[in-house]
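No experiment lies behind these values; they were computed from the predicted model shown. We count residues from 1, following the sequence as given.
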Amino acid sequence: MATSRLQMEGDDSVLLHVTHSNLKSFAADVRFSPQMNVEAVKEKLWKKCGTSVNAMALELYDESGSKVALLSDDTRPLGFYSPFDGFRLHIVDLDPSSVTTGGWLEDTSLVEKYTISEEDYAKRTDSFRKFKEKRASQNPVAEVKTKEDFMEDLCANIKVGDRCEVEPGEKRGVVKYVGRAESLGPGYWVGIQYDEPLGKHDGMVKGTRLFECPQLHGGVVRPDKVKVGDYPERDPFEDDEI
């Protein structure tokens, strides 16, 4: 039961905007699985930009341009660093003799430069601009400023250590954090350690440590998604036939 749920969670992906330290004109929107380790991410990027895996350092930035993390451990999964759709993954080429240095890969005097008009770009359905427009249309209330005490009243009966059930999905776990989380936005949030690996992190969210729990067991949601009470840990074999 736990294995099937983990695989379902692992099917998710994040769309990151990739840039390069030496190639100023290089930019690509690439999808990654949070289950990929950092070395696998570098392997994927090497084929796109030419920077070797051993000479590549990766930096993660949020949508406001703030640096979230340095992906310094090649063995950790990408999801450990809490990337979200629209974040920027910046490649730093550490090799002074790399093929990307000197700018010669970007010398357009030797080749005819491909250009696209504003009109044609606006017609494309797979551009980063279209992705952002679609995201904004699906969540129009995101433009409305949220108050600092948003949902504070719903936290009155939620305490750290409470057993809980989280919607959607009736995921069970224990409350590990109640309060504000500036990196996620104004208002109040609840941090959960799920009983099963149904989360996205280990309590580290956008570079901020809110709580600690095993990797992929952590989640942070609004208080209206949390019900506290007698929600014991489920028996993973309770649905098996005898």
- Message: Assess whether a salt bridge exists between E167 and K225, defined as any Lys/Arg side-chain N lying under 4.0 Å from an Asp/Glu carboxylate O.
- Response: no

- Would you call D29-R129 a salt bridge at under 4.0 Å N-O? no

- Task: Please list, chain by chain and in numerical order, all residues satisfying side chain to side chain contact (heavy atoms under 4.5 Å, CB included) with C155, sequence neighbours excluded.
- Result: V178, Y188, P223

- salt bridge (Lys or Arg N to Asp or Glu O under 4.0 Å) contacts touching residues 49-59 (sequence neighbours left out): E59-K67

- Output all residues satisfying salt bridge (charged side-chain N to carboxylate O under 4.0 Å, His left out) with R88, sequence neighbours left out; order by chain, then residue number. none

- Item | Test item: side-chain donor near acceptor, S21 and H90, under 3.5 Å | no

- Item | D202: side chain to side chain contact (heavy atoms under 4.5 Å, CB included) partners, not counting sequence neighbours | F80, M204, R209, Q215

- Please check if I158 and V221 belong to a single hydrophobic cluster, counting links between Ile, Leu, Val, Met, Phe, Trp and Tyr side chain heavy atoms closer than 4.5 Å. yes

- Message: Please enumerate all residues that pass side chain to side chain contact (heavy atoms under 4.5 Å, CB included) together with D95, with sequence neighbours excluded.
- Response: A55, D93, S97, S98

- Task: Please say which of E165, E233, E196 ends up in a salt bridge (charged side-chain N to carboxylate O under 4.0 Å, His left out) with R172.
- Result: E165

- Query: With sequence neighbours excluded, what pairs up with K206 under the side chain to side chain contact (heavy atoms under 4.5 Å, CB included) test?
  - Reply: F84, F87, S183, L184

- Could you list the residues that satisfy salt bridge (charged side-chain N to carboxylate O under 4.0 Å, His left out) with D162, not counting sequence neighbours? K159

- Task: Verify the distance criterion only: is there a donor paired with an acceptor across the side chains of S64 and D62 at less than 3.5 Å?
- Result: yes

- Do the charged groups of D149 and K147 touch, with an N to O distance under 4.0 Å? no

- Those residues that, when tested against D224, pass salt bridge (charged side-chain N to carboxylate O under 4.0 Å, His left out) (two or more places apart): none

- Pairs touching residues 31-56 that satisfy salt bridge (Lys or Arg N to Asp or Glu O under 4.0 Å), sequence neighbours left out: K42-D74

- Decide side-chain contact (heavy atoms from CB on, under 4.5 Å) for L78 and L71; before the verdict, give the C-alpha distance in whole Å, the side-chain angles of both, and the deciding distance to 0.1 Å. CA-CA 8 Å; L78 177 62; L71 281 59; 3.7 Å; yes

- For V92, the other hydrophobic cluster members (4.5 Å side-chain criterion, sorted by chain and number) are L94

- Message: Can you tell me if D85 has over 12 outside heavy atoms packed within less than 6.0 Å of its CG?
- Response: yes

- Message: Check this for me: does any side-chain nitrogen of one of R124 and E118 sit under 4.0 Å from a carboxylate oxygen of the other?
- Response: no

- On the ring face of W189, is R222 found with NZ or CZ under 6.0 Å from the centre and within 45° of the axis? yes

- Of F128, F32, Y61, which meets ring pair (Phe, Tyr, Trp, His ring centres under 6.0 Å) against H17? F128

- Under the side-chain hydrogen bond (donor to acceptor under 3.5 Å, both in side chains) rule, collect the residues that match up with H217, sequence neighbours excluded. none

- Task: Under the salt bridge (charged side-chain N to carboxylate O under 4.0 Å, His left out) rule, collect the residues that match up with E182, sequence neighbours excluded.
- Result: none

